[in-house]
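Counting convention: from 1, in listed order, for ligands and their atoms alike.
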Amino acid sequence: MSFPKGFLWGGATAANQFEGAWQEGGKGVSSADCITSGSRSKHRYLTYKDKDGNIVKADRFTLEATPDMEFGSFDECHYPTHRACDGYHHVKEDIALFGEMGFKSYRMSISWTRIFPTGMEEEPNEEGLKFYDEIFDECTKYGIKPIVTLSHYEIPIVLVNTWQSWVDARTIDCFCRYVKAVGERYKGKVEYWLTFNEINCMVFDSWTTSGVASIDPQKLAMVAKHELIASALAVQILHEIDANNKVGNMIGYAPSYALTCNPNDVLLAWQKGNDVYFFSDVQVRGYYPSYKLKEYGKNGIDIHLTEDEKEILRNGTVDFVSFSYYMTSCVSADPNAETLSEGNMIMGYKNPYLKSSDWGWQIDPTGLRIALNYLYDRYQLPLMIVENGLGAQDQLNPDKTCNDPYHIDYLRSHIQAMDAAINEDGVDLIAYTPWGCIDLVSVSTGEMHKRYGFIYVDYQDDGSGDGARYKKDSFYWYKKVIATNGEDLA
Ligand code: BGP
């Protein structure tokens with residue numbers, strides 16, 4: 001076992017799933033604030049007021065927004081992200097715990113609505129900027145490098161209600177103003193940036209990723225174009241502000257295996273792969289790939305890509321590639337193939353060789369080695385795994401300890417796969433930030449009891465708990481992993 005010197009061991013969170021304090025510090029309402037709680041069997045809904053003043057809970061996977069819908073948070077409904085894990089009020093305590101584990105990096109996101117509450121202001125909100133100053137200053141104290149996601153599954157609700165979010169190109173200008181504000185403010189404090197979290201997942205759940213309630217393929221193609229342009233502009237803005245800035249993209253990556261060696265299954269697996277690669281191809285190579293343009297043409301979709309826009313994409317390619325990895329799934333061209341597996345957003349067929357988590361996600365460490373090789377072979381850029389982990393039901397013991405051997409087993413097997421990819425296959429992997437390093441709200445279900453963390457947060461689904469933080473067994477294990485630079489995984 002040997003990981004490169006300076007390898008960025010760490011952990012990951014996202015503002016809307018962790019901070020809470022949804023109306024403090026001048027923060028505006030975001031699309032994430034408007035998704036209700038759910039469960040493995042019950043969707044989270046998004047909420048809006050209709051033209052007669054009725055509050056409607058809508059299925060975010062099928063809703064087509066109309067101008068008379070006013071999306072928002074309403075007293076009648078429960079939204080788990082409003083309090084989340086109250087990270088907003090625990091900055092020093094939480095980062096001290098990360099420091100104690102020896103984190104070299106902390107992937108987190110800035111909430112756009114803390115900086116520009118409606119997205120449309122000319123000047124940023126000083127209180128919001130100060131909040132992240134505190135986070136970065138605490139990180140510096142412990143030698144932790146922040147890896148900052150600019151847009152992790154949230155957008156100001158005012159932009160949603162005014163322009164239908166990323167459907168409208170004017171959102172790009174607002175985003176750039178935000179990127180400039182945070183880039184300038186945190187110059188010297190932040191070196192690693194990610195543009196859009198799991199940008200490819202807009203294909204499955206455009207509300208969660210982009211604040212867009214639509215299933216119209218033409219609109220969604222425009223959303224993709226606008227986010228890709230915004231991502232390329234963000235790269236340019238951050239490079240201009242500081243030549244030391246390194247900016248990466250972020251994709252949700254759950255490789256699709258062919259269910260059988262039937263060439264039709266293999267072809268489908270390749271096509272599914274392109275649903276993911278399309279986004280990273282544009283972000284890494286700087287132009288739309290031919291397979292996507294052909295697909296648009298065949299389906300009558302016109303994205304009106306201008307010469308100016310092409311130039312923006314060309315000039316805004318990323319410095320590294322980051323991705324989340326939890327699972328793999330299978331695809332089959334046979335309509336009678338059996339049993340769908342579950343996933344955060346990515347569905348497919350069950351793999352008979354794999355076991356699943358309590359939420360039905362198929363556990364596949366070898367798939368991580370394959371994923372790393374696919375991405376490195378395709379792009380030849382440094383890679384970061386910025387999410388990985390097992391959502392599980394932890395029990396806090398009466399003495400406030402927590403035995404979570406399943407988290408350790410999951411992470412150990414994935415770190416072994418990383419080791420093989422680096423040392424046997426030659427992949428350039430520079431960071432590993434397991435997801436939900438401290439417990440937080442699940443994005444797919446809105447649950448608290450789906451826990452990933454090294455640190456237990458005492459909040460429960462029914463709202464009870466005092467938010468106290470406790471170290472799980474995995475905390476001590478990961479601390480040893482980091483101290484030995486990945487050599488001691490016992
Ligand atoms: C990814 C998201 C994260 C995170 C993770 C785990 O798709 O980027 O925000 O939540 O999935 O998913 P879940 O929270 O549904 O368990």
Is the Y45 ring parallel, tilted or perpendicular to the H43 ring (thresholds 30°, 60°)? perpendicular
Could you tell me which atoms of ligand 1, counted from 1 in the order shown, lie closer than 4.0 angstrom to a heavy atom of H152? 3 (C), 8 (O), 9 (O)
Is the shortest N/O to N/O distance between N197 and ligand 1 below 3.5 Å? yes
Under 4.0 Å from one or more heavy atoms of K450, ligand 1 contributes atoms 13 (P), 15 (O), 16 (O)
Not counting sequence neighbours, which residues clear side-chain contact (heavy atoms from CB on, under 4.5 Å) with P255? List them please. Y253, Y325, T328, A371
Got an N/O contact under 3.5 Å between A14 and ligand 1? no
Enumerated ligand 1 atoms positioned under 4.0 Å from heavy atoms of S442: 13 (P), 14 (O), 15 (O), 16 (O)
With sequence neighbours left out, the residues meeting side chain to side chain donor-acceptor pair (under 3.5 Å) with D358 are Q393
Measure W361 to ligand 1 on non-hydrogen atoms and call it side chain, backbone, both or neither using the 4.0 Å cut-off. side chain
Report the part of W359 (side chain from C-beta onward, or backbone N, CA, C, O) that has a heavy atom under 4.0 Å from ligand 1; answer both or neither where that applies. neither
Ring center gap for W435 and Y326 short of 6.0 angstrom: no
Ranking Q17, R44, E387, E447 by closest non-hydrogen atom to atom 8 (O) of ligand 1, top hit is E387
K189 and D137: CA distance, side-chain angles, deciding distance, side chain to side chain contact (heavy atoms under 4.5 Å, CB included) verdict: CA-CA 8 Å; K189 292 188 182 186; D137 292 344; 3.0 Å; yes
Can you name the one residue among F61, Y48, Y153, F71 that meets ring pair (Phe, Tyr, Trp, His ring centres under 6.0 Å) with W207? F71
